[in-house]
Protein chains: 2
Amino acid sequence: MSHNKYSCDCNIVHREAVEQVIKCLPADEVLARVAEFFKILGDPTRTKIICTLLEGEMCVCDIANVLGMTKSAVSHQLGMLRRADLVAFRREGKNVFYSLSDGHVRGMIESGLEHVHQ
Amino acid sequence: MSHNKYSCDCNIVHREAVEQVIKCLPADEVLARVAEFFKILGDPTRTKIICTLLEGEMCVCDIANVLGMTKSAVSHQLGMLRRADLVAFRREGKNVFYSLSDGHVRGMIESGLEHVHQ
DNA sequence: GAGACATATCAAAACCTCCGCACATAACAG
DNA sequence: CTGTTATGTGCGGAGGTTTTGATATGTCTC
């Protein structure tokens, strides 16, 4: 079996190329965290919430009205965004105001919008 | 306004803010495409495939060996990545070699890795 | 304290996704 | 042609996700 040729015999793969890539790959735990991050962004409701928060902080009730969904559903998604540290929140009296936690999320969503617009 | 304000179960707290944000939001169809794009990236198997392809093109069988999964499972995910235009492919004899379709995907994955490493 | 209001969480149904099996298709060797 | 190898795909089950109504928790006003 030659080094220069993929033989993809599947029982006897080009072992060195495979092992080289395996060595370069990030750890499974890192990949899982990356996938989890993208998964959080990969729901239309959450995408819409994040786009809403691009304009500034907003309370749960108003977000529910922007999305046309129940407060319960919105609260659930906000909880997910909060646990993933994609949004920050502060309480002001009876209301809880949510906002984007940092510029990284903003940049990511804007990249996504750009990607779609081409 | 095409938005259905009656599908929400509570009153608007800051009416002007809500209506302003609704006006600024990208169209639902755009948001759906963005969410779909992130959803594709949001699976550990697909993330791993994309990281594998960061090193260069590779055939299905070798990818399956890198991931330690069946060729069927890998082919399913490659099909999804292909239909979403995240990967390109070329046939060479019996083998099909996959590669990243453009720098945008690479940049996005690298941003994701960066985000996780902090 | 009681009552009103905003948000969070629980439970369950409807829905979706991933993966392996089995088979189909494609390319090649003989 | 037949057989082998590499890859693609329909189907179905196990497991996960999203949504809602009901209920719980927190916060204010009185």
Side-chain angles (χ1 to χ4, degrees), chain A residues 1 5-14 17-18 31-32 35-36 38-49 57-84 87-99, chain B residues 4 6-14 17-18 31-32 35-36 38-49 53 57-84 87-99:
Chain A
M1 166 161 41
K5 194 179 171 195
Y6 283 96
S7 61
C8 264
D9 196 345
C10 238
N11 294 323
I12 312 169
V13 192
H14 191 219
V18 170
L31 288 170
E36 182 63 24
F38 284 122
K39 181 148 78 175
I40 300 267
L41 297 177
D43 172 80
T45 298
R46 290 190 290 270
T47 304
K48 205 165 181 178
I49 289 174
E57 69 171 10
M58 188 171 264
C59 69
V60 178
C61 190
D62 283 348
I63 297 172
N65 276 278
V66 168
L67 303 203
M69 296 175 63
T70 65
K71 285 175 290 186
S72 175
V74 170
S75 183
H76 195 79
Q77 300 300 349
L78 283 170
M80 184 172 285
L81 291 169
R82 178 167 27 92
R83 283 186 292 278
V87 299
F89 67 106
R90 69 179 179 86
R91 184 178 273 279
E92 183 180 303
K94 283 178 289 191
N95 295 97
V96 175
F97 288 85
Y98 281 87
S99 56
Chain B
N4 179 10
Y6 299 108
S7 55
C8 173
D9 61 349
C10 65
N11 296 323
I12 296 179
V13 177
H14 309 92
V18 169
L31 289 170
E36 183 63 25
F38 284 122
K39 180 148 76 174
I40 299 269
L41 296 176
D43 172 81
T45 297
R46 290 191 290 270
T47 305
K48 205 164 181 179
I49 289 174
L53 296 181
E57 69 171 10
M58 188 172 263
C59 69
V60 178
C61 192
D62 280 348
I63 297 171
N65 276 277
V66 168
L67 303 202
M69 295 174 67
T70 65
K71 284 172 288 186
S72 170
V74 170
S75 187
H76 274 297
Q77 302 301 348
L78 283 170
M80 184 173 285
L81 292 168
R82 180 169 21 95
R83 283 186 292 276
V87 299
F89 66 105
R90 67 178 182 86
R91 182 176 273 278
E92 185 180 302
K94 283 178 290 190
N95 296 98
V96 174
F97 288 85
Y98 280 87
S99 56

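This is a predicted model, so every value here is computed, not measured. Per chain, numbering begins at 1; letters A, B, ... match sequence-line order.
Residues passing the side-chain contact (heavy atoms from CB on, under 4.5 Å) test with A/Arg91, sequence neighbours excluded: A/Val96. Residues satisfying the side-chain contact (heavy atoms from CB on, under 4.5 Å) test with B/Ala73, not counting sequence neighbours, are B/Met69, B/Thr70. By the side-chain hydrogen bond (donor to acceptor under 3.5 Å, both in side chains) test, A/Arg90 is found to be paired with A/Glu57, A/Glu92, residues two or more places apart in sequence or in another chain being considered.
Listed for the A/Asp43 side chain is no donor-acceptor partner under 3.5 Å among the backbone atoms of A/Lys39.
Atom-to-atom, CG of B/Leu67 to C1' of D/dT7 comes out at 15 Å; the value is rounded to the nearest Å. The interatomic distance linking A/Lys48 (NZ) with D/dT18 (P) rounds to 16 Å, in whole Å. Between the CG atom of A/Leu78 and the C1' atom of D/dT18 there is a distance of 14 Å, rounded to whole Å. What separates CD1 of A/Ile49 from P of D/dT18 is a distance of 11 Å, to the nearest Å. A straight line from OH of A/Tyr98 to P of C/dA6 spans 15 Å, rounded to a whole angstrom. As rounded to whole Å, 14 Å separates atom P of D/dG8 from atom CZ of B/Arg90. Between the CE atom of A/Met69 and the C1' atom of C/dT7 there is a distance of 15 Å, rounded to whole Å. Rounded to whole angstrom, the span from the CG atom of A/Leu41 across to the C1' atom of D/dT17 amounts to 16 Å.
Checking C/dC18, D/dT18, C/dA6 against every side-chain atom of A/Gln77, the shortest atom distance belongs to D/dT18.
The aromatic rings of A/Phe38 and B/Phe38 sit parallel to each other, their planes meeting at less than 30°, with 60° as the upper class boundary.
The shortest heavy-atom contact between A/Ala17 and B/Met58 is O-CE, 4.2 Å.
Proximity of B/Arg82 to the phosphate of D/dT9: a side-chain N or O atom is located under 4.0 Å from OP1 or OP2. Contact check, A/Ser75 against C/dA8: a side-chain N or O comes under 4.0 Å of OP1 or OP2.
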* Under 4.0 Å protein heavy-atom contact, by nucleotide of nucleotides 21-30 of chain C - B base, S sugar-phosphate only -> B-----BS--
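Base engagement by A/Ala73 is indicated by at least one non-hydrogen atom pair under 4.0 Å involving a base atom.
For the side chain to side chain contact (heavy atoms under 4.5 Å, CB included) test with B/Arg46, the passing option among B/Leu78, B/Leu81, B/Leu41, B/Val74 is B/Leu81; the others fail.
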Pairs under 3.5 angstrom, nitrogen or oxygen only, protein versus nucleotides 15-17 of chain C, please.
from: C/dT17; atom 1: OP1; to: B/Lys39; atom 2: NZ; distance (Å): 3.2

